[in-house]
A.B. asks: 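Okay, here's the structure, questions in a sec.
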Amino acid sequence: MDIKLSTGAVATLMKGGEVEKPVFQILGFKKIAGQGGSDRFRLNISDGLHSHTFAMLATQLNHMIPEGELDNNCVIRAEKLISNAVSEKRVLIILDLTVLAKGTAIGCKLGNPVQYTEQNANGAGGKPAGQDSAQNRAPQPETKPTVKSEFPTKATGSFYGQSKSTSVSKSPTKNGSSFGNMSSGDCITIPIRDITPYGSKTAIKARVTNKSAVRTWSNSRGDGKLFSVDLLDDSGEIRLTGFNTAVDQFYDLIKVNEVYTFSKFSAKPANKQFTSLSHDYEISFVNDSSVIPCLDSDSADIPTLSFQFLEIAFIETCENNKIIDVVAVCKSRGDLQTVMARATNKELKKRDITLVDRTNTEIIMTLWGKQAEDFEDDTNPVIAVKGAKVSDFSGKSLSMLNSSSMMINPDIPEAHVLRGWYDNEGMNVPTKSLVGQRGGGGANAPWKMIREASIVDPSSAESGYYFRSKATVLAIKRENALYKACPEERCNKKVMDCNNGMWRCEKCNKEHTDFKWRLILHACFGDSSDSIWGTCFQEQGELVLDNKAEVLGSLYQDEQDAFDAIIKQAVFKSYTAKFRAKMEVYNNENRLKYSVVELNPLNYGEYAQKLLAEIKENVA
DNA sequence: CCCCCCCC
């Protein structure tokens, strides 16, 4: 077989030029381990003249390596290639390829390729592509130093060798500056992965990837202050918390992105509810803890980033309040808003941004405070978020926490792939939204017969599904229609009777001298096709019963007959109603729950017009 | 030993 490599293609591509379906020899590959089980392969490609290690294999092609289709020395034609500039470097992503010859058939390195550098590029390539091309709209790391390990600036000869052992490593003998009670000399460090509450917890060498602010607490068990950092090595990550004196001792000294040897700590099970870190345990400082900075030269083997990315489409199935990592393109950026925190009466700044990924699904993420104010990027950056909270407000959404961290255009393979996908394809593809109709609560909710609406596809009911119907009230449940609520203006929480004339609100954590009546009216709505039970909150309930909750409450309490008469009168009135159907789990069973989100007395004239229009449409 | 993280 006549194999001809695309001589000069590496240099051309490295300068930002384009090469049509270049032919390369694969001189080696390296697995970049497991971010959320999504291993990636980095290839050393050669055009016979130059070789280059900044080529990533698209994940959908990963299988070719274990299956032996791609082997050392094989020759491939890159059918589809994305080239991205990443700060001063350039990364190629091979999206599709054809194997022209197996490595076993070739058996040796073709030509005498040298590692490509700008210096030896010797004019082999073409002119760089135009500055406005999609390829050049590449991630520019905002925090450069944090993202160096995935793509070392120097590709060394040893890079493609076997992977190093991670089980035991020596901590550096550091000249001077340790914090804490460290005695001099080396100590044995263990991989983060191996930390348990049971083993001897000598020391770990780890990079600080996130550092919290100092926070104080005060509760029934006492008060104090604390901070925490996220630590990472090549075996895993773990949260380290410092309480009280440890705050004074270590807080200012520990810097994000730096590598330290941490020795002496205690470990306990991690509460998964409050972290996206994968470790089963978390650690805290003890009395004789020490923190020793590592020299830069000693830190290169400690990775800088770790994510367990979840695809956006998958967030739909996440339970509420789960803490997750996500990488996505910021499709649009909302305005800065100011809202009042109900609990604290503090003013909050927020900004919603819309994220989209290769599942063609989008989700809204809320940024808070300074991060919301500072977010001004309108260039559809790729965003990697660690530790965002899943909220089920109106479908599914994400919210940043104080403990979350966000990187804009990070230099990681997932981000490059997303960049290429969005610029070439994603920006023009319609997306599914995980937002249940927001704000207007289904402003364009479709008209449905009730029968039709009640057999709605369960997957869309998962996040809340809106529809409109003409509906007649067929029955009303008189029991539990009213409850005593917290009198605070914005709080509607049910209060507890303290039996001393006071009413306790758990939400406000206060006792009040009075309460207000609130309505949760369960009514059966029907049309000619079927009927459903739906919940009418305050305003809708007041409309159905044609009385204010306040009046209804006192009647319910003191004049039952009058209350029943009101209910009787409310039956058989007709409305146009907007319902929200949502799948909920009740007694381990899925059931559709309906609430009435909008209610208007039926305007017969208007409704007849609507029916006439529909008839015309169907006859034509 | 915290674990609050806000709003519609």
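As a basis for the values below, the full set of heavy atoms in this structure was taken, side chains included, without hydrogen atoms, waters or symmetry mates. Chain letters run A, B, ... following the sequence lines, proteins first, then strands; residues in each count from 1.
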A.B. asks: If you take atom types as modelled and just measure distance, does the side chain of A/Glu347 reach the base of B/dC7 with a donor-acceptor pair under 3.5 Å?
C.D. replies: no
A.B. asks: Does the ring of A/Phe274 meet both stacking tests against the six-membered base ring of B/dC3: centre distance under 5.5 Å and plane angle under 30°?
C.D. replies: yes
A.B. asks: For A/Asp223, answer base if it contacts any base atom (sugar-phosphate contacts may also be present), sugar-phosphate if it contacts only those atoms, and nothing otherwise; contact means non-hydrogen atoms under 4.0 Å.
C.D. replies: nothing
A.B. asks: Quick one: is A/Ser399 getting a side-chain N or O under 4.0 Å of the B/dC6 phosphate, OP1 or OP2?
C.D. replies: yes
A.B. asks: Quickly work out the A/Asn271 CG to B/dC2 P distance and round it to whole Å.
C.D. replies: 11 Å
A.B. asks: Expressed as a whole number of angstroms, how long is the span from A/Lys350:NZ to B/dC5:C1'?
C.D. replies: 14 Å
A.B. asks: May I ask you to verify if any side-chain N or O of A/Arg215 is less than 4.0 angstrom from the OP1 or OP2 atom of B/dC3?
C.D. replies: yes
A.B. asks: Out of B/dC6, B/dC2, B/dC7, which nucleotide sits closest to the side chain of A/Leu348?
C.D. replies: B/dC6
A.B. asks: More than 12 non-hydrogen atoms from neighbouring residues, nucleotides or ligands closer than 6.0 Å to NZ on A/Lys493, yes or no?
C.D. replies: no
A.B. asks: Would A/Thr431 and A/Glu362 count as having a side-chain donor-acceptor pair, cut-off 3.5 Å?
C.D. replies: yes
A.B. asks: Counting heavy atoms from C-beta on, name the nucleotide in B/dC5, B/dC7, B/dC2 closest to the side chain of A/Leu401.
C.D. replies: B/dC5
A.B. asks: Whole angstrom is fine here: how far is it from NZ in A/Lys211 over to P in B/dC2?
C.D. replies: 22 Å
A.B. asks: Assuming nearest nucleotide by heavy-atom distance, tell me which of A/Val339 and A/Phe285 is located more 5' along DNA chain B.
C.D. replies: A/Phe285
A.B. asks: Let me know the distance between CD of A/Gln273 and C1' of B/dC3, rounded to the nearest Å.
C.D. replies: 7 Å
A.B. asks: Which nucleotide wins on minimum distance to the side chain of A/Asn402, given the candidates B/dC7, B/dC3, B/dC4?
C.D. replies: B/dC4
A.B. asks: Between atom CG in A/Asp392 and atom P in B/dC7, what is the gap in whole Å?
C.D. replies: 14 Å
A.B. asks: In chain order, what residues pass the side-chain hydrogen bond (donor to acceptor under 3.5 Å, both in side chains) check against A/Ser228, with sequence neighbours excluded?
C.D. replies: none
A.B. asks: Show me the donor-acceptor pairs within less than 3.5 Å that the side chains of residues 241-248 of chain A make with the rest of the protein, sequence neighbours left out.
C.D. replies:
| residue | atom | partner | partner atom | Å |
| --- | --- | --- | --- | --- |
| A/Asn244 | OD1 | A/Lys225 | N | 2.8 |
| A/Asp248 | OD1 | A/Lys225 | NZ | 2.7 |

A.B. asks: Would you say the base of B/dC3 and the side-chain of A/Arg239 have a donor-acceptor pair closer than 3.5 Å?
C.D. replies: yes
A.B. asks: Expressed in angstrom and rounded to an integer, what is the separation of A/Lys225 atom NZ from B/dC3 atom P?
C.D. replies: 16 Å
A.B. asks: In whole Å, what is the span from the OH atom of A/Tyr281 to the P atom of B/dC2?
C.D. replies: 20 Å
A.B. asks: For B/dC6, take OP1 and OP2 only and decide whether either is under 4.0 Å from a side-chain N or O of A/Lys389.
C.D. replies: yes
A.B. asks: Between P on B/dC6 and CE on A/Met400, what's the gap in Å once rounded to a whole number?
C.D. replies: 12 Å
A.B. asks: For A/Phe525 together with A/Phe579, are the ring centres under 6.0 Å from each other?
C.D. replies: yes
